[in-house]
S.K.: 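The structure under discussion is supplied below as C-alpha cells; questions concerning it will follow.
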Amino acid sequence: MVSNTGGGYSFHKDPQNRRVTRYRYNNIPMDRPGRYIYIRNKDTGEYWNPGYQPVQKKLDNYSCRHGLGYTVLTGEYQGVIGEVTYFVPDDKNFELWLVKVSNTRSIKQNLQVFAYSEFCFWDAIMDQQNVDWVQQINQGRFNDGIITWHPHHISDNAAFFATGERVSSFDTNLETFIGKYRSESNPIAVEQGGCSNSISYRTNGVGAFCIDCDLGPNEERELVFVLGFAEERSEIKNDIKEYLLPENAKAAFGRLQSSWVNYISKLSVETPDEDMNLFVNIWNQYQCKTTFNWSRFVSMYQLGLGRGMGIRDSAQDTLGVMHTIPEEAKELIIKLLKCQYTDGRAYHLFFPLTGEGGQGDAPVKKFDWYSDDHLWLILAVNAYIKETGDFDFLNMEVPYNDKITSQTVMEHLDKALEFTNNNRGPHNIALAGRADWNDTLNLDTGKGVAESVFTSMLYCRALLEMIEILEFLKKTDMIEKYTNMYEDMKKAINDTCWDGEWYKRAFDDNSQPLGSKENKFGKIFINSQSWAVLSKVAENGREVQSLESVEKYLNSKYGIVTMYPAYTEHDTTKGGVTTYPPGAKENGGIFLHTNPWVMISEVMLGNGDKAYMYYNQILPGKRNDDAELYEVEPYVYCQNILGKEHPQFGIGRNSWLSGTAAWNMVASSQYILGIRANYDSLTVDPCIPSSWKGFKATRVFRGATYNIEVQNPNRVCTGVAKVIVDGVETEKIPVFETGTEHNVVVVMK
C-alpha cells in the first residue's frame, strides 16, 4: 500500500500475520509512517522529502504518479530534484525504492540521502495490543548494508532493509533515529546529519541509512533501497544482490511494466468516449486484479486485521478478471468451493493462508449463515466455463470445509441451490439468514422467518445459469428439476413481493415488508428492481416499471442510491442499516456495487442510452472537475458515495476494494459493448448510446485474437443486423485456433 506521499505499509502474503512495516490508522498526523527519503544539504542543514511528507517543506515542484504496479514521487527544492519509484518486482518478495537525485545548478551541492522505514512486529494485532512483548522480542541487526528485524531465537525469517550504497551511518532503533519528543517530520538523525549506528536490542525497530551524495554541476546519481521479507535470513544477501545495482532495478521495473501490458492486452476498446476507453482498457482492469487478489481484506480502509476475504466478494471478483487470467480465477473458485458446508451453505469469510473460515460481523440470532454467499459460486463457475470451454471442471472432485467429504463441482453447485430451496420462509421465498448481499439488513431477531427477496432473485439467476450449462450439455433430466425450482420461486416472488410499482426488498422477522409503500422509511430498494430483470422474474411490464421507479425515486447526479427514503432512527428489527446516518452507505447512500446491476438490466431491456447514462454517472474519470468534493482517487471506483439525503452529498469513500470494479467491467465490456464469451463462440451484441456511430475493440478469446468493428449506421441502441467474420457473413463468431487473428464486423440494425 502506498499513498501519494509515500505513506502506507507493506506485508508478505498476509497483512495480519506477516506485516513488515507499521502504520497508524485513522491517526493524526495523517498517513504516517511510510517509506521516506530525506534529502539534506550538508552546507545549510536544510532537509526535505521528494514526497512532501513527513517534513512538509514547501517544495518548488512536486508530483505523484501512480501507474500499474508502481508509484513515482518527484520533488524539487533549491536546484535539487529527488525522484523515488516504488515497486515490487514480479519475481521477488521485496519492494524496490529506485531513487534518483539530480543537481540542476551549475555549482556543486553537498548532499546526504537518508532512507527510512519503521518495522512492525509480524502479528499486526499483537503489535497494537502487547507493547511489552513485541518490544522485548524483536531485535535489529546491521551487516554489510543490510538491516534485519526479527524475533530473537524464534525463527529464521526476517524483515529487512538494504542498500548497495556505501553507508556512512545507520540506525536500527526507532527512538534513536527520531529522538525524544520528535517525530518523522524532524528526526534528530537527519537534523544532526548522521545516524548513530544504533542496534535495537529492545523497543522499536527501523531501517535507516545515511548516504553521502555530493553532486557536481548538473550531475545526477541513482541509488537503490530494498525493503522486504525473507524466510531465511542467511539468503537475503544473495537474493537481493542483483537488484542493488540501479541498472538491474530498472530492468526489473521494465519487466513489471511488460507484465501489466500483457495483462491488459486481452481486451482493448476504442469508443467515442475517451474516459470509458481509459477505464475499460487500463484502470478498471487494474482495479479488478487488485480486488481479485485481496477481496475486501486489506486496503487503506480495510486494515487486514481479522476480516478475511469474502466468499461472495471473491466469487464476484472472478468475473472482472475472467477474460485475462481464467486459470487463476479457477484456482480461487476451488478455494471458495472448499469453504462450502456439505449442506450447501458456505463460510462468509476465509483466510487465504490457512483456508479457515469465519462468519463476519452480522449479529447471530437463529442462523449462522448468510443467505447469498453460496449462490455466487454458480455465477463464477459458469463464467469460467464460458471463457475456457473447460466443461471437465464440473467433474473435478473438491472437498467441503470438513476436509473429509468431497464431491464434484457440479454436485457442489447443486448443493448450493438445494440449500436455498430447502430454507424458505412464510412467503415461500428464501430465508434471509444473518443477512444477504446487504450485510447491514440484519432481520434475524431470533424467530428465523425473515426473508430476502434479493436472495430469491439471485437464486433464480443461478438456476438460469445452471439450466444454460445443462442445455448445452443436453442433460435433460437435471434441466427439468432446475426449471421446476425456478418457476416455483418465480411464482412465489411475483405472488407476494410486487408492491404496485416495484418489488419489495425483504420481510423482517415479524413478516413485515421492507421496500414497500407501506413503509415510512425504505419504501423502495435498488437491488430487488435490478435483480428482478437479471433473474427474468419480472414480466408483463413489471420489468419496465421497476426500472422506471429506480430512475424516479433512487437516481441522483452522482449515482443510484441503495434505498429511499433513508432511515432516520435506529430500528432493531432492521439491524445495521439503521445505524448509519441518512444518505450514508446502505442507508440511502450510493453503494456503487449496485449501480452496474441497473446498467445490465437496462441493457437487457434494450435501453442503451439509459445504461450509458448510469455508467457515466459513477465513472471516476468524470469526477475530475469536482475532485475536491469527491475526495478519492479519480482512477478507481470507490465502494460508496454519500447520497442525496446526506449533507455531504457526492463525497466518495472506501476506494479500491469494491465489487463495483468487477461488475462495472462486466457491465461496460460485456453488456454495453456486448462482447461476451459463450460456450462455443464469442458473442458481440452491443447496447450502446444511439449517438455512437460505432466502436472498435480487440478481444483475446481462448488464445485467438478478434479485431472487432461495430458499425451503427442508423444510430440505434441495440439489435444486430449481420455479423461478418473474415469477410464471410455468419450466425455466430466461432472459437478459432490459438495464435490466430481474425476480423469481425458487426453491423447494427
Side-chain angles (χ1 to χ4, degrees), residues 267 269 271 273 275-276 278-280 283-288 291-292 296 312-313 315-323 372 376 379-380 383 437-438 454 457-458 461 525-535 543 546-547 550-551 554-563 586 589-623 635-641 643 652 654-676 685-689 717:
L267 173 68
V269 304
T271 78
D273 187 332
D275 288 321
M276 186 179 194
L278 186 65
F279 272 77
V280 173
W283 290 109
N284 199 174
Q285 295 201 62
Y286 182 56
Q287 186 179 3
C288 283
T291 306
F292 171 80
R296 314 300 173 264
R312 80 159 75 98
D313 301 328
Q316 292 173 83
D317 293 338
T318 64
L319 305 180
V321 300
M322 202 64 77
H323 66 290
D372 67 313
W376 295 104
L379 276 63
W437 174 90
N438 187 336
F454 165 77
M457 292 173 170
L458 171 61
R461 170 72 184 217
F525 284 71
I526 184 175
N527 281 5
S528 40
Q529 317 321 317
S530 57
W531 280 88
V533 179
L534 287 166
S535 63
E543 66 276 34
S546 290
L547 294 183
V550 168
E551 183 177 19
L554 301 177
N555 194 36
S556 74
K557 65 178 181 178
Y558 295 128
I560 308 166
V561 300
T562 54
M563 44 83 80
E586 289 93 342
I590 302 164
F591 215 91
L592 296 180
H593 191 148
T594 65
N595 280 234
W597 293 337
V598 178
M599 299 171 206
I600 294 170
S601 299
E602 293 287 1
V603 166
M604 290 174 68
L605 300 189
N607 300 327
D609 289 325
K610 188 72 65 67
Y612 181 66
M613 179 191 78
Y614 288 139
Y615 178 76
N616 273 293
Q617 282 180 173
I618 66 168
L619 191 64
K622 303 293 186 183
R623 295 293 302 273
Y635 46 88
V636 292
Y637 290 99
C638 58
Q639 182 202 64
N640 65 91
I641 295 172
N654 202 352
S655 57
W656 282 99
L657 301 188
S658 166
T660 313
W663 277 107
N664 267 284
M665 195 70 217
V666 170
S668 59
S669 64
Q670 297 183 29
Y671 284 87
I672 295 175
L673 302 182
I675 305 170
R676 297 192 291 274
D685 185 15
C687 187
I688 56 177
C717 287

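Note that this is a predicted model, so its numbers are computed, not measured.
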S.K.: Are the side chain of T562 and the backbone N or O of E586 linked by a donor-acceptor pair below 3.5 Å?
M.R.: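 Indeed, once roles are kept as given, a pair shorter than 3.5 Å links the two residues.
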S.K.: What verdict does the side chain to side chain contact (heavy atoms under 4.5 Å, CB included) test give for I675 and H323, after you've listed the backbone C-alpha separation in whole Å, the side-chain angles of each residue and the deciding distance to 0.1 Å?
M.R.: CA-CA 11 Å; I675 305 170; H323 66 290; over 6 Å; no
S.K.: Donor-acceptor pair, Q285 side chain versus L267 backbone, under 3.5 Å?
M.R.: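 Side chain of Q285 to backbone of L267, a donor-acceptor pair under 3.5 Å: yes, one is there.
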S.K.: Could you state the interatomic distance from CE (M563) to CG (L554), rounded to the nearest 0.5 Å?
M.R.: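 These two atoms lie 9.5 Å from each other.
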S.K.: Using every non-hydrogen atom in the two residues, find where L319 and L379 come nearest and quote the distance to one decimal.
M.R.: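 That closest heavy-atom pairing would be CD2-O, 3.9 Å.
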S.K.: Would you name the heavy atoms of V603 and C687 that are closest together and state the gap between them?
M.R.: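 In terms of heavy atoms, the two residues are closest at CG1-CB, 3.6 Å.
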S.K.: Considering all heavy atoms of both residues, which atom of T291 and which atom of A661 are nearest to each other, and what is their separation?
M.R.: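 Looks like OG1-CB, 4.2 Å.
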S.K.: Any side-chain heavy-atom pair from K622 and D273 closer than 4.5 angstrom?
M.R.: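 Yes, side chains in contact.
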S.K.: Sequence neighbours excluded, which residues qualify as salt bridge (Lys or Arg N to Asp or Glu O under 4.0 Å) partners of K610?
M.R.: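 Here the qualifying residues are E551.
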S.K.: Go through the structure and list residues passing ring-ring contact (aromatic ring centres under 6.0 Å, His included) with F292, not counting sequence neighbours.
M.R.: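 With sequence neighbours excluded, F292 shows a ring-ring contact (aromatic ring centres under 6.0 Å, His included) to no residue whatsoever.
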S.K.: Taking the side chain as every heavy atom from C-beta outward, state whether I618 and N664 have any atom pair closer than 4.5 Å.
M.R.: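 They are in contact (side-chain heavy atoms under 4.5 Å apart), so the answer is yes.
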S.K.: Using ring-ring contact (aromatic ring centres under 6.0 Å, His included) as the criterion, list what pairs up with Y612, not counting sequence neighbours.
M.R.: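 ring-ring contact (aromatic ring centres under 6.0 Å, His included) list for Y612, sorted by chain: W692.
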S.K.: Going by atom type alone, with no hydrogens or angles, which donor-acceptor pairs under 3.5 Å involve a side-chain atom of residues 591-601 and a protein atom two or more places apart or on another chain?
M.R.:
from	atom 1	to	atom 2	distance (Å)
H593	NE2	Q316	OE1	2.9
T594	OG1	F591	O	2.7
N595	OD1	I560	N	2.9
N595	ND2	I560	O	3.2
S601	OG	S530	O	3.0
S601	OG	W597	O	2.8

S.K.: Does a side-chain N-to-carboxylate-O contact under 4.0 Å join R296 and D317?
M.R.: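 Yes, R296 and D317 are salt-bridged.
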S.K.: Evaluate side chain to side chain contact (heavy atoms under 4.5 Å, CB included) for V550 paired with S546, printing each intermediate quantity in order.
M.R.: CA-CA 6 Å; V550 168; S546 290; 5.9 Å; no
S.K.: Could you list the residues that satisfy side chain to side chain donor-acceptor pair (under 3.5 Å) with R676, not counting sequence neighbours?
M.R.: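 Listed in chain order: nothing, the list is empty.
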S.K.: Set out, in order, the CA-CA distance, both residues' side-chain angles and the distance that settles side chain to side chain contact (heavy atoms under 4.5 Å, CB included) for Q617 and M613, then state yes or no.
M.R.: CA-CA 6 Å; Q617 282 180 173; M613 179 191 78; 4.0 Å; yes
S.K.: Can you check side chain to side chain contact (heavy atoms under 4.5 Å, CB included) on M604 and L547, steps first, answer last?
M.R.: CA-CA 11 Å; M604 290 174 68; L547 294 183; over 6 Å; no
S.K.: Suppose we screen for salt bridge (Lys or Arg N to Asp or Glu O under 4.0 Å). Which residues come up paired with D609, at least two apart in sequence or across chains?
M.R.: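 If we apply the salt bridge (Lys or Arg N to Asp or Glu O under 4.0 Å) test to D609, skipping adjacent residues, there are no hits.
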S.K.: About how many Å separate OH of Y286 and OH of Y635, when rounded to the nearest 0.5 Å?
M.R.: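 Nearest 0.5 Å value for the OH-OH distance: 8.0 Å.
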S.K.: With rounding to the nearest 0.5 angstrom, report the OG to CD distance, S535 to E543.
M.R.: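 Reported to 0.5 Å precision, the distance equals 11.0 Å.
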S.K.: Are L458 and R312 packed together at the side-chain level, in the sense that at least one heavy-atom pair is separated by less than 4.5 angstrom?
M.R.: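 Contact flag for L458/R312 side chains = no.
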S.K.: Is the shortest heavy-atom distance from the side chain of N438 to the side chain of N527 under 4.5 Å?
M.R.: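 Side chain of N438 against side chain of N527, heavy atoms only: no contact under 4.5 Å found.
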S.K.: Determine the minimum heavy-atom distance between C638 and G652, stating which atoms define it.
M.R.: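 Where C638 meets G652 most closely, the heavy atoms are SG-CA, 4.0 Å.
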S.K.: Are any side-chain N or O atoms of Q287 and backbone N or O atoms of W656, one a donor and one an acceptor, separated by less than 3.5 Å?
M.R.: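 Pair found, side chain donor or acceptor close to backbone of W656.
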S.K.: So, taking the atom named CE in M665 and the one named CH2 in W283, what distance separates them when rounded to the nearest 0.5 Å?
M.R.: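 Atom-to-atom, M665:CE and W283:CH2 are 14.0 Å apart.
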S.K.: What's the spacing between M276 CE and Y615 OH if we round to 0.5 Å?
M.R.: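 Going from the CE atom of M276 to the OH atom of Y615 covers 4.5 Å.
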S.K.: Grab the two heavy atoms, one from P689 and one from C717, that are nearest each other, plus how far apart they are.
M.R.: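 Heavy atoms only, the tightest pair is C-SG, 4.5 Å.
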S.K.: Ignoring hydrogens, what is the shortest heavy-atom contact between P620 and Y637? Give both atom names and the distance.
M.R.: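 Closest heavy-atom pair between P620 and Y637: CD-CE2, 3.4 Å.
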